[in-house]
Amino acid sequence: MPHRHASIEIGLNAVIVSVAGGMPQIVHVEKPEKDMADSLPFGPFDPLHHRTFEIGLRAWVENQTALRLGYIEQLYTFGDRGRHRVSGDEGPHVVSVGYLALTRQTPDSEETLSRHHSAWRSWYDYFPWEDWRAGRPALLDTDMLPALESWAEEPPEEGEPPRALARSERVRLAFGTGGTDWDEERALERFELLYEAGLVAEAKRDGRPAALKRDEIPPFGISMEFDHRRVLATAISRLRGKLKYRPVIFELMPSAFTLTDLQNSVEAISGRHLHKQNFRRLVENADLVEPTGATSTATGGRPAALFRFKHQLLSERPAPGLRVGGR
């Protein structure tokens, strides 16, 4: 029998984030086939045309969305066998390199994306349990946690690797139950638990045993093609964490903004409601912004002072982020 050699392809994925209308939005590529799920902008790395991964990523994004990216950073390399394949697929195994990109929406960006079969969409459409701005999402207590707790009581699957923590303990830490606080940075851990428990459509599509045992998969957020929702969860966790120690929020802000605009953007990303006066003290203590001298009447109320990010900080000292805390 001839020896078979594994075939590997390197894919490049982009989570392109902006904030608009009070929502953290990402670019998703729409598929003409009705049975195809949403996907992130992605394409293969071509070493003959792309000198670096980043050059390749920028080329694919511009080709698929017409957007030219500014700030980007590499997230993670996703190479799990089975999470980028469909049943019967004999193609090469795809190792995906995920990137986080931050941008600002322009008035014509929606039309531009539409011409390229892409669109902006709230990331909470994919992760509705991550948005706590209006309080604890009811979905957690009515459906999600009961299903996870039931799964946690089941015996381990055959071949399941041993873990330091029991299933119930992992659920408690990830979802903030049993007296543990909700940690917004654990978005990826929460999605991974839902996948492992067979509670998301991707798990059934990938043939995971826990999902195949279920008669019906709960509608916990909109599914995505391949492992793209996992890539998105990684980006959410990374950005929420980075918000606290680097001034990345200003990559999403216009050149001049009100403190209310800034608070709304921080809340959109973190998924938490913040007390207005506490937030303003936080901004003041961080010394990240300065007044422009102008005001805005966009809200129709009293004129609000406009501020800008103090760019000179970046050359003077490492600029901190905004250490938003819990409720």
Side-chain angles (χ1 to χ4, degrees), residues 12-20 22-27 40-41 53-54 57-58 61 67 69-78 96-105 122-124 126-127 130-133 173-174 176 181-192 228-254 257 259 261-274 278-279 282-283 285-289 307-327:
L12 305 170
N13 300 71
V15 179
I16 305 171
V17 179
S18 72
V19 175
M23 283 292 178
Q25 301 195 26
I26 63 157
V27 173
L40 299 171
F53 286 173
E54 183 175 322
L57 178 82
R58 291 180 184 276
V61 167
L67 294 177
L69 299 181
Y71 174 96
I72 71 169
E73 66 172 88
Q74 191 175 127
L75 282 171
Y76 193 73
T77 299
F78 304 85
S96 299
V97 182
Y99 283 82
L100 170 65
L102 306 182
T103 190
R104 301 163 189 161
Q105 289 191 32
S122 169
W123 75 28
Y124 293 127
Y126 305 100
F127 299 93
E130 293 291 338
D131 189 359
W132 285 57
R133 290 174 294 173
L173 292 173
D181 291 333
W182 175 270
D183 183 348
E184 66 270 16
E185 293 181 44
R186 292 181 179 263
L188 176 60
E189 292 177 50
R190 288 187 280 272
F191 180 70
E192 290 287 75
H228 290 196
R229 198 154 48 142
R230 184 190 188 199
V231 178
L232 176 54
T234 306
I236 293 172
S237 290
R238 172 73 65 84
L239 185 53
R240 284 177 168 180
K242 198 157 191 174
L243 195 71
K244 299 173 184 178
Y245 64 89
R246 295 295 296 161
V248 291
I249 190 64
F250 299 102
E251 298 286 347
L252 300 168
M253 302 299 299
F257 48 84
L259 292 184
D261 293 335
L262 181 61
Q263 179 174 341
N264 289 342
S265 294
V266 172
E267 289 178 335
I269 296 298
S270 68
R272 287 191 176 276
H273 171 70
L274 304 171
N278 289 346
F279 178 78
L282 183 69
V283 172
N285 292 338
D287 194 30
L288 292 172
V289 301
F307 292 81
R308 59 179 166 240
F309 174 53
K310 294 172 70 171
H311 288 278
Q312 68 269 24
L313 287 177
L314 299 178
S315 58
E316 295 172 358
R317 59 180 170 84
L322 293 168
R323 292 189 173 275
V324 294
R327 300 181 94 76

#### Entry: Nearest atoms (heavy-atom pairs only) where Lys310 meets Asp287
NZ-OD1, 2.9 Å
### Query
Ignoring hydrogens and geometry, is there a side-chain-to-backbone donor-acceptor pair from Ser237 to Leu188 under 3.5 Å?
yes
### Message
Check whether Glu267 reaches the backbone of Arg133 with its side chain - one donor and one acceptor, N or O, closer than 3.5 Å.
### Response
no
### Task
Quick one: closest heavy-atom pair of Ile249 and Met253, and the distance?
O-CG, 3.3 Å
### Query
What are the two closest heavy atoms between Gly98 and Val231, and how far apart are they?
CA-CG1, 4.3 Å
### Query
For the residue pair Ala286 and Gly321, what are the closest heavy atoms and their distance?
CB-O, 4.2 Å
### Query
Measuring from Glu73:CD to Glu54:CD, what's the distance to the nearest 0.5 Å?
11.0 Å
### Message
Tell me whether Arg58 contacts the main-chain N or O of Leu69 through its side chain, where contact means a donor paired with an acceptor under 3.5 Å.
### Response
yes
### Query
When you look at Lys242 and Glu251, which way does the salt bridge (Lys or Arg N to Asp or Glu O under 4.0 Å) test go after all the steps?
CA-CA 12 Å; Lys242 198 157 191 174; Glu251 298 286 347; over 6 Å; no
### Partner residues of Phe250 under the ring-ring contact (aromatic ring centres under 6.0 Å, His included) criterion, sequence neighbours left out
Phe257, Phe309
### Message
Please determine whether side-chain contact (heavy atoms from CB on, under 4.5 Å) holds for the pair Val15 and Trp123, giving the CA-CA distance in whole Å, both sets of side-chain angles, and the decisive distance to 0.1 Å.
### Response
CA-CA 10 Å; Val15 179; Trp123 75 28; 5.7 Å; no
## Note on the structure
d(Leu259 CG, Leu282 CG) to nearest 0.5 Å is 11.0 Å
### Query
What are the two closest non-hydrogen atoms of Leu40 and Val27, and how far apart are they?
CD2-O, 4.2 Å
### Query
Is the backbone of Ala268 close enough, under 3.5 Å, to the side chain of Tyr124 for a donor and an acceptor to pair up by distance?
yes
### Arg238 side-chain N/O to Leu100 backbone N/O, donor-acceptor pair under 3.5 Å
no
### Query
Is there a donor-acceptor contact under 3.5 Å from the side chain of Ser96 to the main chain of Leu12?
no
### Query
Are any of the side-chain heavy atoms of Phe191 and Ile236 separated by less than 4.5 Å?
no
### Message
Using modelled atom types and a 3.5 Å cut-off, is there a donor and acceptor pairing between side-chain atoms of Arg190 and backbone atoms of Ala174?
### Response
yes
### Summary
Phe53 meets the ring-ring contact (aromatic ring centres under 6.0 Å, His included) criterion, sequence neighbours left out, with Phe45
### Query
Taking atom CD1 of Ile16 and atom CD of Gln105, what is their separation to the nearest 0.5 Å?
11.0 Å
### Query
Going from CG on Leu252 to CZ on Arg104, what distance comes out if it is rounded to the nearest 0.5 angstrom?
8.0 Å
### Task
Go through the structure and list residues passing ring-ring contact (aromatic ring centres under 6.0 Å, His included) with Phe78, not counting sequence neighbours.
Tyr76
### Summary
Interatomic distance, CD@Glu185 vs CG@Leu239, rounded to 0.5 Å, equals 10.5 Å
### Message
Is it the case that the side chain of Glu184 and the backbone of Ser270 share a donor-acceptor pair, with hydrogens and angles ignored and the cut-off at 3.5 Å?
### Response
no
### Task
Ignoring hydrogens and angles, tell me if any N or O in the side chain of Arg240 forms a donor-acceptor pair with the backbone of Ile269 under 3.5 Å.
yes
### Message
Assess the residue pair Ile26 and Tyr126 against the criterion (side-chain contact (heavy atoms from CB on, under 4.5 Å)); give the C-alpha distance rounded to whole Å, side-chain angles, the decisive distance to 0.1 Å, and a yes or no.
### Response
CA-CA 10 Å; Ile26 63 157; Tyr126 305 100; 3.8 Å; yes
